[in-house]
Protein chains: 2
Amino acid sequence: MSQQRHGSTSGGSDRANAVPAFPDLPEATIARLPEYLRALHNLGEGGADTISSEGLAAAAGVNSAKLRKDLSHLGSYGTRGVGYDIALLIEQIEYVLGLDQRRAVCLVGVGNLGHALAGYDGFASRGFKIVALFDADPSKVGERIHGLIVRHIDELPQVAVEETIAIGVIATPAGAAQAVADELVAAGVTSILNFAPCVLSVPANVDVRKVDLAIELQILSFHEHRKASLTALPGGRSATGAGNQEAVGS
Amino acid sequence: MSQQRHGSTSGGSDRANAVPAFPDLPEATIARLPEYLRALHNLGEGGADTISSEGLAAAAGVNSAKLRKDLSHLGSYGTRGVGYDIALLIEQIEYVLGLDQRRAVCLVGVGNLGHALAGYDGFASRGFKIVALFDADPSKVGERIHGLIVRHIDELPQVAVEETIAIGVIATPAGAAQAVADELVAAGVTSILNFAPCVLSVPANVDVRKVDLAIELQILSFHEHRKASLTALPGGRSATGAGNQEAVGS
DNA sequence: CGCGATTTGTGCACGCCTTCACAAGCGCCT
DNA sequence: AGGCGCTTGTGAAGGCGTGCACAAATCGCG
Ligand SMILES: NC(=O)c1ccc[n+]([C@@H]2O[C@H](COP(=O)([O-])OP(=O)(O)OC[C@H]3O[C@@H](n4cnc5c(N)ncnc54)[C@H](O)[C@@H]3O)[C@@H](O)[C@H]2O)c1
Ligand SMILES: NC(=O)c1ccc[n+]([C@@H]2O[C@H](COP(=O)([O-])OP(=O)(O)OC[C@H]3O[C@@H](n4cnc5c(N)ncnc54)[C@H](O)[C@@H]3O)[C@@H](O)[C@H]2O)c1
């Protein structure tokens with residue numbers, strides 16, 4: 001995750017208060033904000049109005065000091081002695097993440113995995129809308145999935161403009177992923193979520209995130225291996241795991 | 001990712017050379033090893049025998065210095081002036097990740113996503129084998145998917161012992177995930193891959209990894225938001241993205 | 001046999017992130 | 001009105017990870 005700071009020393013003090021000229025959030029913080037957001041929604045549905053950093057941290061599975069520092073980067077939206085106003089905090093985080101504007105997403109590769117993704121309601125419930133499905137296989141084109149009709153990949157440039165698609169999801173085999181990425185970029189997509197197990201090469205202004213199931217399993221496998229070799233050793237210590245979390249029964 | 005070092009200062013010099021008493025690998029390194037492994041397999045199929053750190057780094061999308069440091073943690077398996085022996089390195093990484101022994105995996109929740117996962121061949125090709133599918137819905141129990149029959153979740157304890165399942169995959173709705181996790185743990189599973197958008201509470205010796213699609217999209221959304229607010233600002237600089245990668249056409 | 005080209009392995013410095021610990025601030029109760 | 005308990009926001013310290021830059025090692029060639 002090599003990062004490059006965009007040295008905008010623009011004070012931003014001359015602006016009202018709507019757009020804080022963009023808080024230069026640490027990448028690690030950004031990655032946790034969605035988790036906080038989900039926890040806040042859960043808590044809000046539970047009927048609470050405010051929540052302490054301790055409580056929210058527990059619900060999100062992080063250290064409370066870390067949570068406070070993360071939130072402090074957004075500004076001061078807590079009240080000492082009380083906690084954070086849940087509704088207000090949700091609003092702020094959603095604003096920072098850009099979730100206040102619904103983002104159009106397209107999905108390329110309607111196979112095994114693509115089918116599941118197309119039918120996933122976890123998209124819409126968080127501000128994303130799948131506006132188009134693409135595939136290269138003529139036998140899939142025309143198929144209707146969850147109200148959307150699968151289009152041929154060649155229609156991507158046209159549809160991308162019509163729908164102002166900014167985010168593309170790649171669920172094709174690895175061999176086709178780079179070509180699809182190139183087409184997405186050419187069509188103006190600037191963020192890609194890649195499920196294919198391969199490295200994508202894209203221009204510097206395009207963001208790529210990868211989800212690789214096999215990698216996750218291999219990491220777990222390593223820890224299994226480690227734990228096994230530990231228990232087999234003399235000092236039969238009860239190995240302490242990695243990546244454990246706090247409760248939030250939901 | 002709070003880690004705890006298991007201070008085994010056990011020299012291990014009294015062992016032949018098979019088990020290096022366990023290298024205390026940085027977590028960040030572990031997360032990259034699977035990527036190296038995939039790149040190595042690709043390169044090997046391409047007919048190459050050796051590969052330089054520069055070449056492998058490009059194929060894996062990382063810095064070459066980082067790659068060398070990562071590999072140096074495993075021991076010295078490269079030859080100066082030449083590079084790394086691909087076959088040997090594959091063997092070593094697979095050993096460290098514990099992929100030399102096939103690991104039994106069970107999948108709980110055969111819904112939309114579970115179906116796709118059950119039919120994914122990326123498991124078997126990397127040393128994992130799905131040995132059981134579970135669901136709580138009676139109408140799904142008995143269904144055959146890719147040669148496996150869906151069993152009722154109540155059979156988990158029995159099957160887990162029979163098949164020595166160490167890794168469980170949760171693909172149920174979030175509301176059921178904690179209960180499923182508890183059952184997995186009770187059945188002896190010590191590693192969990194969780195697709196449900198919620199925090200799981202597990203004992204310290206159990207490892208949990210989470211894959212949350214919505215979080216990935218929200219992170220991308222943030223970067224979209226940032227990019228948009230940058231291009232709207234005076235100095236129209238071509239924003240440099242985050243998390244870009246090198247080529248590996250495959 | 002020696003030399004230069006090449007590439008690994010790593011010491012080192014820097015920056016990011018995490019965590020502790022505590023002062024400052026807020027509300028409530030008396 | 002004042003004090004007290006609770007919680008936030010943050011300074012500082014330490015650890016981890018990254019990447020540069022280079023010495024050490026190896027190969028091939030003349
Ligand atoms: N199935 C899973 O559970 C799973 C899990 C993790 C990762 N993955 C990865 O996701 C990807 C898709 O997996 P899958 O099981 O759905 O595969 P799949 O073969 O079932 O589906 C791939 C789809 O992509 C389409 N396609 C191929 N080339 C294309 C192109 N150039 N343009 C547009 N569409 C194209 C195919 O027609 C097909 O419909 C693979 O890279 C796989 O490794 C899958
Ligand atoms: N579909 C996707 O693309 C997608 C993507 C990312 C994350 N997810 C998450 O993955 C999970 C599953 O998604 P889905 O779309 O497959 O949902 P789904 O409703 O289609 O499937 C859930 C399955 O879990 C089973 N189940 C429910 N309670 C159970 C229990 N206690 N024990 C065993 N099985 C139980 C149900 O019978 C059902 O078959 C959800 O948490 C979802 O948020 C889904």
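Protein chains get the first letters and strands the later ones, always in sequence-line order, with residue 1 at the start of each.
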> Which one, C:dC20, D:dG9, C:dT10, comes nearest to the side chain of A:N63?
Replying inline: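 Nearest nucleotide to the side chain: C:dC20.
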> Looking at the side chain of B:S72, which of D:dG17, C:dG9, D:dA21 is the nearest nucleotide?
Replying inline: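 Closest of the options to the side chain of B:S72: C:dG9.
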Quickly work out the [X] [atom1] to [N] [atom2] distance and round it to whole Å.
X: B:E54; N: C:dT8; atom1: CD; atom2: P; answer: 8 Å
X: B:H73; N: C:dG9; atom1: NE2; atom2: C1'; answer: 11 Å
X: B:L67; N: C:dT7; atom1: CG; atom2: C1'; answer: 13 Å
X: A:L33; N: C:dC17; atom1: CG; atom2: P; answer: 13 Å
X: B:I51; N: C:dT6; atom1: CD1; atom2: P; answer: 16 Å
X: B:I86; N: C:dT7; atom1: CD1; atom2: P; answer: 14 Å
X: B:Y84; N: D:dA25; atom1: OH; atom2: C1'; answer: 13 Å
X: A:D85; N: D:dT7; atom1: CG; atom2: P; answer: 16 Å

> Please walk me through it: do B:H225 and A:V96 pass side-chain contact (heavy atoms from CB on, under 4.5 Å)?
Replying inline: CA-CA 8 Å; B:H225 190 191; A:V96 169; 5.7 Å; no
>> Any side-chain to backbone donor/acceptor pair from B:T79 onto B:V82? Under 3.5 Å, distance only.
In response: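 Between the backbone of B:V82 and the side chain of B:T79 there is no qualifying donor-acceptor contact (under 3.5 Å).
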Kindly give the heavy-atom pair with the smallest separation between [X] and [Y], and that separation in Å.
X: B:A59; Y: B:L43; result: CB-CD1, 4.4 Å
X: A:V206; Y: A:S191; result: CG1-N, 4.3 Å
X: B:L40; Y: B:I86; result: O-CG2, 3.7 Å
X: A:Y120; Y: B:P197; result: OH-CG, 4.3 Å

> A:L33 and A:L37: side-chain contact (heavy atoms from CB on, under 4.5 Å), yes or no, with the steps?
Replying inline: CA-CA 6 Å; A:L33 288 181; A:L37 195 51; over 6 Å; no
Distance test, side-chain N/O of [X] to OP1/OP2 of [N], below 4.0 Å:
X: A:S76; N: D:dG9; result: yes
X: A:S53; N: D:dT7; result: no
X: B:R32; N: D:dT18; result: yes

>> Checking A:A104 now: which residues fulfil side chain to side chain contact (heavy atoms under 4.5 Å, CB included) with it, not counting sequence neighbours?
In response: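 Here the qualifying residues are A:V131, A:I165.
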>> Any donor-acceptor pair under 3.5 Å linking the side-chain atoms of B:H223 with those of B:R226?
In response: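 Yes - a donor-acceptor pair under 3.5 Å links their side chains.
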> On DNA chain D, nearest-nucleotide positions of B:R68 versus A:G78: which is more 5'?
Replying inline: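 The 5'-side residue here is A:G78.
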Report all interatomic pairs (protein N or O, nucleotide N or O of nucleotides 11-13 of chain D) with separations under 3.5 Å.
residue : atom : partner : partner atom : Å
D:dG11  : O6   : A:K69   : NZ           : 3.2
D:dA12  : N6   : A:K69   : NZ           : 3.0

>> Applying salt bridge (charged side-chain N to carboxylate O under 4.0 Å, His left out) as the test, list every pair that has at least one member in residues 77-98 of chain B; sequence neighbours left out.
In response: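 Counting only pairs at least two positions apart or across chains, no salt bridge (charged side-chain N to carboxylate O under 4.0 Å, His left out) contact touches residues 77-98 of chain B.
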>> Suppose the criterion is salt bridge (charged side-chain N to carboxylate O under 4.0 Å, His left out): which pairs have a residue in residues 67-79 of chain B, not counting sequence neighbours?
In response: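 Output for this query lists B:R32-B:D70.
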>> With each end axis built from five pairs of C1' atoms, what bend angle do you get for the helix from C:dC1-D:dG30 to C:dT30-D:dA1? Round to 10°.
In response: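 Roughly 0° between the end axes, to the nearest 10°.
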What nitrogen or oxygen pairs link the protein and nucleotides 23-27 of chain C at under 3.5 Å?
residue : atom : partner : partner atom : Å
C:dA24  : N3   : A:R80   : NH1          : 2.7
C:dG25  : N2   : A:G81   : N            : 3.4
C:dC26  : O4'  : A:R80   : O            : 3.3

>> As a quick check of understanding, evaluate side chain to side chain donor-acceptor pair (under 3.5 Å) for B:E224 and A:T190, giving each step before the final call.
In response: CA-CA 7 Å; B:E224 283 297 318; A:T190 48; 2.5 Å; yes
